[in-house]
Amino acid sequence: MEAKQIIQKDDAYCQIYGEKYIQKIDYLRKLIVEDETGENIFKVVNFEAGLGKSRYTDIIIKQYFDEWNFDRNFLIVKRFNDESYRSAETIEQDSFLRDHVVVITADNWQKWKKNVKELQSKQVIIISHKRYIDLCENDTERAIFTKDRHTLIIDEKVNFPIYTYSYQYYSDIRKYISYANAKLFDKACQALNEIAENPSTSCTRIYPKIEKELLQQFTDMMKDEIRNQHDLKIKRQLENFLDTVLLLYDKNVLALHNSKELYTLNRKHKHWGLKNNIILDASAGIDGVYEVHDKFKMQRQTRLIDHSESKFVHIKMNTSKSAIRANQKKYFEKIIEMIQERHVDGEKTLLVIHKKYADTLYGHMKKVFGDDVWREKEKETDHDYNEQSYAISWFGNLIGKNTFSDFDNVLILGTPNISNAHYLIHYMQYADKTLGKNSLQVDRTGKFKNSKFRAIQDGYIAAEIYQSIKRIQRNPKPKGKFYIVTKDEEIVHKVLGQIKNAKLTEIIEVKDEQKEKSATKEPTKIDQIVQYIHTLVKDGQKKIYKSDIQMQFGTIVWNRVKKHPQFQKLKLKEQQKYFVVP
């Protein structure tokens with residue numbers, strides 16, 4: 001089998017790029033059906049987005065079996081189930097393999113779990129990223145998928161979960177805990193709450209401690225609560241909370257604190273492989289995670305698609321989540337004004353922003369453009385895209401989607417930065433080691449001073465932007481307009497460096513607006529406690545018991561309450577278990 005045999009006659013990329021394109025597909029073919037990496041090595045290939053790597057992966061596997069080759073059985077890992085079904089359809093099309101490709105989902109896994117031998121006889125098994133991650137923790141089930149299977153193909157980067165704890169998370173879960181267990185729940189979480197309530201924006205290592213006996217009592221109690229919970233969604237939330245707490249108290253797992261949140265990871269979450277392992281990730285060349293462990297072998301690919309007829313505009317403007325929050329109204333007004341000035345009738349525009357602002361942007365756009373605006377679906381009942389001129393999506397939601405391939409314009413309306421602790425957790429997950437004694441300090445721009453952590457940070461942001469802008473104009477000769485709204489020039493150049501013949505055609509500098517005055521400041525937990533105490537005083541109570549307030553609010557750091565200006569005005573006298581009203 002040669003690449004020329006599998007490339008479709010009407011392939012527009014082959015018609016324009018000829019032999020260079022054929023060589024790319026042939027390299028992919030060799031990776032899949034000829035190479036063998038070894039079980040603990042992963043070849044990471046950064047075929048550029050839009051080149052057809054996923055489609056030709058399916059065609060190569062189909063052709064391999066059509067030529068009566070059966071030395072290799074395949075395990076393919078996809079982000080979404082709909083992608084999995086499309087791949088299965090392509091591999092099975094006009095083939096005797098119709099009964100030898102199976103997609104494993106949450107809906108059919110229990111059936112296949114009872115028919116392990118039949119499952120293992122299939123030439124191709126396709127699973128989701130989530131199942132691949134879950135199998136990290138289950139040796140028995142993982143063995144079902146790896147037995148006699150030769151080649152693993154992971155489509156796009158695997159994002160292992162980050163376990164996050166906050167006082168708000170604790171409060172949300174506490175309402176599901178029975179009254180009889182509330183006191184034990186509070187006691188076990190107290191050490192975590194005291195750390196979490198620290199508002200410091202510095203990222204620091206933490207080492208929460210708990211008595212072994214108390215932790216065991218908490219674990220047993222939570223398992224009882226989970227068993228007695230009939231709502232499946234709440235049951236999963238309780239399970240996740242228990243996992244999070246156990247990991248945070250685990251002395252063998254490093255935890256971090258950053259801005260009233262605690263973060264940690266599951267050390268079992270790491271890449272596992274077969275005899276031949278391939279990761280196809282278009283942004284691998286700029287994502288720093290693949291540089292932190294020698295099990296990842298980068299196979300850097302030259303860029304092929306010519307963007308010389310596209311326009312790239314850098315709009316210098318602070319677009320972090322906090323910056324947008326500070327000036328929401330003016331920010332969205334400016335963006336819409338810019339869209340109106342540059343919109344051409346008949347063109348379609350994709351807007352990409354932080355998920356938390358997608359609804360707000362949608363509301364502002366609807367006021368101006370009416371029903372000609374569509375917001376990405378979150379649930380099945382949401383409306384499908386129906387040829388609207390404007391579509392709104394968010395970071396982390398676009399990889400693997402071709403809904404917007406024929407759009408003319410894309411606006412990246414936010415800088416996809418995440419909590420600094422997330423970058424450090426990503427480092428530990430991919431490096432398979434802790435942070436050591438490396439400094440966690442950041443410079444005045446919020447970037448890590450440590451070069452390894454900085455590479456993860458910059459790489460993550462650049463990769464998200466690259467994947468987003470490559471969702472449009474997925475054709476051999478793109479003529480789109482790409483607007484990147486961010487203050488970070490370094491990131492812009494990093495992204496454009498991944499796009500052949502991409503040059504900045506315009507730079508627009510937007511001055512920072514004055515911070516808008518918030519009409520209502522969101523009260524903190526301490527504010528709420530003090531207000532509650534003030535109400536009790538006003539109602540005539542002479543003794544205010546700490547235990548009563550803790551039943552209302554859970555764990556309380558009393559030193560912080562006593563420092564609150566409004567509390568000090570009450571001039572209460574503190575006893576061990578209560579306050580006396582003068």
Side-chain angles (χ1 to χ4, degrees), residues 161-179 181-204 206 208 210 218 221-222 225-226 229 231 233-249 255-265 320-322 324-326 328 354-360 378 394 396 417-422 424-425 518 520-533 546 548-561 563-564 566-567:
I162 294 173
Y163 294 81
T164 307
Y165 182 98
S166 65
Y167 184 82
Q168 185 60 56
Y169 183 29
Y170 150 84
S171 301
D172 290 341
I173 295 299
R174 190 179 189 276
K175 64 190 176 188
Y176 302 127
I177 304 300
S178 60
Y179 178 81
N181 290 327
K183 190 173 181 180
L184 173 58
F185 184 82
D186 292 342
K187 189 176 180 181
C189 295
Q190 183 172 352
L192 301 179
N193 288 335
E194 287 177 355
I195 299 171
E197 281 296 279
N198 183 347
S200 172
T201 56
S202 297
C203 201
T204 55
I206 57 170
I210 188 173
F218 171 78
M221 176 272 290
M222 286 297 293
E225 291 282 353
I226 291 165
Q229 179 56 247
D231 187 306
K233 185 177 179 182
I234 297 173
K235 189 186 287 280
R236 295 287 174 265
Q237 290 176 356
L238 293 173
E239 289 172 341
N240 188 71
F241 186 83
L242 175 59
D243 289 342
T244 302
V245 171
L246 292 178
L247 287 168
L248 283 166
Y249 280 129
L256 301 169
H257 171 268
N258 186 204
S259 298
K260 290 195 171 187
E261 290 189 312
L262 313 182
Y263 303 86
T264 192
L265 70 157
S320 66
K321 277 186 273 192
S322 57
I324 295 175
R325 182 175 64 245
Q328 278 190 57
H354 305 284
K355 185 178 180 180
K356 68 180 294 183
Y357 295 121
D359 282 335
T360 306
E378 279 196 279
W394 48 85
N417 43 5
I418 50 180
S419 162
N420 280 353
H422 276 232
L424 299 174
I425 298 290
S518 177
T520 56
K521 183 183 175 184
E522 193 71 26
T524 66
K525 176 193 168 188
I526 302 298
D527 292 333
Q528 293 171 350
I529 292 169
V530 173
Q531 180 58 46
Y532 181 71
I533 293 171
K546 294 179 181 179
D548 291 342
I549 301 170
Q550 284 172 326
M551 285 300 294
Q552 183 78 14
F553 293 95
T555 302
I556 296 172
V557 183
W558 286 107
N559 284 336
R560 294 191 63 203
V561 173
K563 290 178 182 177
H564 195 287
Q566 297 305 314
F567 180 88

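- For the pair A188 and I210, the tightest heavy-atom approach, listed with the atom from each and the gap, is O-CD1, 3.7 Å.
- Here the straight-line distance linking atom CD of Q550 with atom CG of D548 works out to 9.5 Å at 0.5 Å rounding.
- Taking the ring pair (Phe, Tyr, Trp, His ring centres under 6.0 Å) definition, one finds that Y170 meets it with Y167, F185, sequence neighbours left out.
- With hydrogens and angles disregarded, a donor-acceptor distance shorter than 3.5 Å links the side chain of D527 to the backbone of T524.
- Looking only at side-chain heavy atoms (C-beta outward), L247 and L265 stay at 4.5 Å or farther from each other.
- Checked by atom type, the side-chain pair S322/S320 shows a donor-acceptor distance below 3.5 Å.
- In this structure the side chain of K356 reaches within 4.5 angstrom of the side chain of R325, judged on heavy atoms.
- Not a single side-chain hydrogen bond (donor to acceptor under 3.5 Å, both in side chains) links N198 to another residue, sequence neighbours left out.
- The side chain to side chain contact (heavy atoms under 4.5 Å, CB included) with Y263 is formed by just one residue from the set T164, I206, N420; it is T164.
- Side-chain contact between W558 and V561: present, with at least one pair of heavy atoms (C-beta onward) separated by less than 4.5 Å.
- Applying the ring pair (Phe, Tyr, Trp, His ring centres under 6.0 Å) rule to H564 yields no partners; only residues at least two apart in sequence or on another chain are considered.
- Listed by chain and residue number, N193 satisfy the side-chain hydrogen bond (donor to acceptor under 3.5 Å, both in side chains) test with Y165 (two or more places apart in sequence, or in another chain).
- Counting only residues at least two apart or on different chains, the salt bridge (charged side-chain N to carboxylate O under 4.0 Å, His left out) pairs with a member in residues 185-194 are R174-D186.
- For L192 against P208, the heavy-atom pair with the smallest separation is CD2-CB, 3.6 Å.
- Between E261 and S166, the closest side-chain pair of non-hydrogen atoms falls below 4.5 Å.
- Note: I234 CD1 to Q229 CD = 4.5 Å, rounded to the nearest 0.5 Å.
- By the salt bridge (Lys or Arg N to Asp or Glu O under 4.0 Å) test, D172 pairs with no residue at all, sequence neighbours left out.
- Rounded to the nearest 0.5 angstrom, R236 CZ and I226 CD1 are separated by 9.5 Å.
- Residues forming a ring pair (Phe, Tyr, Trp, His ring centres under 6.0 Å) with Y532 (at least two apart in sequence, or on another chain): F553.
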Evaluation steps, side chain to side chain contact (heavy atoms under 4.5 Å, CB included), between Y169 and N240
CA-CA 11 Å; Y169 183 29; N240 188 71; 2.9 Å; yes

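- In this structure T201 satisfies the side chain to side chain contact (heavy atoms under 4.5 Å, CB included) test together with S259, sequence neighbours excluded.
- Every residue two or more places apart in sequence or in another chain that forms a salt bridge (Lys or Arg N to Asp or Glu O under 4.0 Å) with K355 is listed here: E378.
- A pairwise comparison of heavy atoms in I177 and A182 identifies CG2-N, 4.1 Å as the closest pair.
- Two residues are said to be in side-chain contact when any heavy atoms from C-beta on lie closer than 4.5 Å; H354 and I418 fail this criterion.
- The distance from the OG1 atom of T264 to the NE2 atom of H257 is 14.0 Å, given to the nearest 0.5 Å.
- By the ring pair (Phe, Tyr, Trp, His ring centres under 6.0 Å) test, F218 is found to be paired with no residue, residues two or more places apart in sequence or in another chain being considered.
- Closest non-hydrogen pair, S419 versus N258, comes out as OG-OD1, 3.0 Å.
- To the nearest 0.5 Å, the span separating CE on M222 from CG on L184 amounts to 10.0 Å.
- Within the model, atoms CD1 of I529 and CD1 of I556 stand 4.0 Å from one another, a figure rounded to the nearest 0.5 Å.
- A heavy-atom distance below 4.5 Å is not found between the side chains of D231 and Y176.
- Scored by the salt bridge (Lys or Arg N to Asp or Glu O under 4.0 Å) test, E197 finds R560 as partners (sequence neighbours excluded).
- Evaluation of the salt bridge (Lys or Arg N to Asp or Glu O under 4.0 Å) rule for K546 yields E574 as partners, not counting sequence neighbours.
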